[in-house]
There are 2 protein chains.
Amino acid sequence: MITLEDVARRAGVSLATASRVLNGSTRQVGETMRRRVEAAAAELGYRTNVAAQTLARGASNVIGLVVHDLVDPYFAAIADGAMRAAAEQGHMVMVGTTYRDPDREIAYVSTLSAQRVRAVLLAGSRVDDPAITGRLRRELDRYRASGGQVASVGQDLLGVATVAPANREGAAALARALAGLGHRRFAVLAGPAHLITAADRHAGFAAELAALGAPPPQVIHGPFDRNGGYTAIETLDPRVTCVFAVNDVMAVGALARLRERGVVVPDDLSVAGFDDIATLRDLTPPLSTVRLPLAEMGSRAVELALAGESAVIPVAGEVVLRESARKLR
Amino acid sequence: MITLEDVARRAGVSLATASRVLNGSTRQVGETMRRRVEAAAAELGYRTNVAAQTLARGASNVIGLVVHDLVDPYFAAIADGAMRAAAEQGHMVMVGTTYRDPDREIAYVSTLSAQRVRAVLLAGSRVDDPAITGRLRRELDRYRASGGQVASVGQDLLGVATVAPANREGAAALARALAGLGHRRFAVLAGPAHLITAADRHAGFAAELAALGAPPPQVIHGPFDRNGGYTAIETLDPRVTCVFAVNDVMAVGALARLRERGVVVPDDLSVAGFDDIATLRDLTPPLSTVRLPLAEMGSRAVELALAGESAVIPVAGEVVLRESARKLR
DNA sequence: CTGTTAGCGCATTCAG
DNA sequence: CTGAATGCGCTAACAG
């Protein structure tokens, strides 16, 4: 193991000088010494020990990212954006996956805090449970008290910098667009009632329907994933002409089940989702949805956290009407 | 910032004792002192400083994972498996994305090495370029010389523990199955010629066709992603009755372009992919493909690396025939 | 079982 | 511009 001291000795300079040239110090070092140190480092194959550096500096260059599920393309996209932004500022990203278990999320904050990461990012919906939110907040407070930065992508419930997708408004706009196609009898595949992202999308959609004078939609709860959409179809009211799944992955599950049952989308039934997941754009029929700039949301969150800003940035969704939803005859 | 020393003082014990109870030491500590230390730690809100621990121990508990692209569901699945295995052994995962740039891959090995991660995992195809492979090997050798473990998911070209999907054999088996449906005129959407995973799948497929006495397939090179499949269709020979895309994501692109051109799959043309990406299973028509246990591959790689074994584990693919490929009339 | 002590590798005062 | 010295928080001998 080659240390800075080895390099210094080899270059015939002091430890301090070697440190100054090899690691980004503000201090200047004379041309001659600088060359000597660089040469010695190269010859010896010196590699900074980041752990030692972190300890000495009291600050690391890694940021922690906590997601619900990396296999869900929603989180993969956010993670990708976050990693790009982090890399741009010379940071590495440490990832934790909660598999939607709030306690695991809290545990990760604690672990990342022990790692002394510079910032932690919490991506994904909050849960409607004051006890859990409270515990998470306490954990975050401790982390921040020790100098850490926090940002979240989702609801502004944690008192930290937040990139907040306009779920309600997006869903409302989608409802408007769908109603504009002539639909009046809707179903909402609403996901789990306690997941705030799901609840907001559901609420925004239903509220707009009411404002439009349409009858209240059939509401079917279930998991927030592909199977949630798939199984929800079982209990679908046959009078419904348009189904809104609160995310694209659920919509895909719904489409699969509908196909199995011989229901032709959009001829017999219109379907829409939310998120506009890129990997799913080649589905048949192409999904009507609300586009969210996921990668950008991840990047923004990293930038906020690293800048130490505690802003709440709203992010608008854009309604995208594709073949899966069509004008009601 | 509460340190171990603060805890020790508060508990009225020595630093060493506090260390022994709070961090997993083999040494035993008496019941009384143990309680006192735990109480003090809780009251003070003590949190281990992992950087200091890493420095003192000379070993960290994080593992590095280098992938080509986290948004590609292939890598997301591998990463997921790797993270599960890592979590099981109490490790965190630091992720780097190369965006398919080999130099970035080398740079990440170097960065992770500076982080003193316990192991690094390289996921994704190697490139057919001895110069690049050489530089990567040298970097890995340096890392291993400093005590790091390495494992890869892909080709066994690095002299490290490897989980190696049987790309050739899988593609050959697929060729057999497709030929069994009566097809003889094939096209291979072969991806980039220098990507070994792509080349192996192509080679295995073509070799089996030859063995079966079928004419050589049309070969169309292009990017290894959705657009690679999409654009490849432009130059498709109209006499071809079955298209093999060397991965599922390319197959999706091909299906999209075919649909636009009014070609009905599988009535007019059969299509198959490789990987069996879960997110893509609800495609229409369902894709014939070769299933790879991606998450398991990621887990195995982590286990190998952490165990310090330098084995090469072959992983077989399983042919899955679905609607996108059908019997030739 | 418990305490003392000497580093781990590096950044950073403070002198010169 | 350069060097000597101190400490970051923790672990692991070593002693008792």
Side-chain angles (χ1 to χ4, degrees), chain A residues 1-38 40-41 44-62 90 111 113-118 146-148, chain B residues 1-38 40-41 44-62 90 111 113-118 146-148:
Chain A
M1 193 75 296
I2 308 294
T3 75
L4 194 56
E5 192 175 349
D6 298 329
V7 175
R9 189 174 9 247
R10 167 88 162 225
V13 304
S14 74
L15 221 197
T17 299
S19 170
R20 295 197 264 255
V21 355
L22 261 16
N23 303 326
S25 165
T26 19
R27 309 281 299 266
Q28 291 302 308
V29 172
E31 194 54 25
T32 349
M33 308 245 119
R34 147 159 273 118
R35 281 204 206 299
R36 290 228 305 267
V37 173
E38 279 164 350
L44 262 30
Y46 169 71
R47 179 133 311 163
T48 303
N49 183 325
V50 178
Q53 205 166 42
T54 297
L55 181 56
R57 288 216 252 250
S60 86
N61 65 157
V62 359
T111 301
S113 156
Q115 296 278 353
R116 296 300 188 274
V117 297
R118 199 205 253 354
S146 73
Chain B
M1 193 70 298
I2 310 294
T3 74
L4 193 57
E5 194 176 348
D6 298 330
V7 175
R9 186 170 16 242
R10 167 88 161 225
V13 304
S14 75
L15 220 199
T17 298
S19 170
R20 296 197 264 254
V21 358
L22 260 17
N23 303 326
S25 166
T26 19
R27 309 282 300 263
Q28 291 302 310
V29 172
E31 195 53 25
T32 347
M33 310 243 119
R34 147 159 274 118
R35 281 206 205 298
R36 291 229 304 268
V37 172
E38 278 162 352
L44 261 29
Y46 170 72
R47 179 132 309 165
T48 303
N49 182 326
V50 178
Q53 200 168 272
T54 297
L55 181 57
R57 287 217 253 249
S60 86
N61 65 157
V62 358
T111 301
S113 156
Q115 297 278 354
R116 295 299 188 276
V117 297
R118 199 205 259 341
S146 74

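So you know, we letter chains A, B, ... as the sequences are listed, proteins then strands, and number each from 1.
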Non-neighbouring partners of S146(B) that pass side chain to side chain donor-acceptor pair (under 3.5 Å), sequence neighbours left out: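 For S146(B), no residue satisfies side chain to side chain donor-acceptor pair (under 3.5 Å) once neighbours in sequence are set aside.
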
Under the side chain to side chain donor-acceptor pair (under 3.5 Å) test, which residues partner T111(B), sequence neighbours left out?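 In terms of side chain to side chain donor-acceptor pair (under 3.5 Å), with neighbours along the sequence ignored, T111(B) is linked to no residue.
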
[N] [atom2] sits how many Å from [X] [atom1], rounded?
| X | N | atom1 | atom2 | value |
| --- | --- | --- | --- | --- |
| L22(A) | dT2(D) | CG | P | 14 Å |
| N61(B) | dT11(D) | CG | C1' | 14 Å |
| R20(A) | dT12(C) | CZ | P | 10 Å |
| R35(A) | dC1(D) | CZ | C1' | 16 Å |

[X]: which residues meet the side chain to side chain contact (heavy atoms under 4.5 Å, CB included) condition with it, sequence neighbours left out?
| X | answer |
| --- | --- |
| A16(B) | S14(B), R20(B) |
| L15(A) | L4(A) |
| R9(A) | E5(A), D6(A) |
| A41(B) | V7(B), L22(B), Y46(B) |

Contacts under 3.5 Å, N or O only, protein and nucleotides 7-10 of chain D:
unit_1	atom_1	unit_2	atom_2	d
dC8(D)	O2	A56(A)	N	3.4
dC10(D)	OP1	Y46(B)	OH	2.2
dC10(D)	OP1	N49(B)	N	3.4
dC10(D)	OP2	L4(B)	N	2.3

Let me test you: for the helix from dC1(C)-dG16(D) to dG16(C)-dC1(D), what is the angle between the axes at its two ends (five pairs each), rounded to 10 degrees?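 The end axes of the helix from dC1(C)-dG16(D) to dG16(C)-dC1(D) are about 30° apart, to the nearest 10°.
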
Pairing residues for R47(B) by the salt bridge (Lys or Arg N to Asp or Glu O under 4.0 Å) criterion, not counting sequence neighbours: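 With neighbours one apart ignored, the set is E139(A).
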
Please report the interatomic distance OG(S60(A)) to CG(L55(A)), rounded to the nearest 0.5 Å.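 The CG atom of L55(A) is 12.0 Å from OG of S60(A), to the nearest 0.5 Å.
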
Short side-chain N/O contact to dA4(D) OP1/OP2 from S14(A), under 4.0 Å: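 No, because none of the side-chain N or O atoms of S14(A) sits under 4.0 Å from OP1 or OP2 of dA4(D).
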
Any base atoms under 4.0 Å from G58(B), or only sugar-phosphate, or nothing? Heavy atoms, all strands.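 Touches nothing.
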
Nearest-nucleotide wise, let me know which of A16(B) and M33(A) is further upstream toward the 5' end of DNA chain D.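 So the residue in question is M33(A).
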
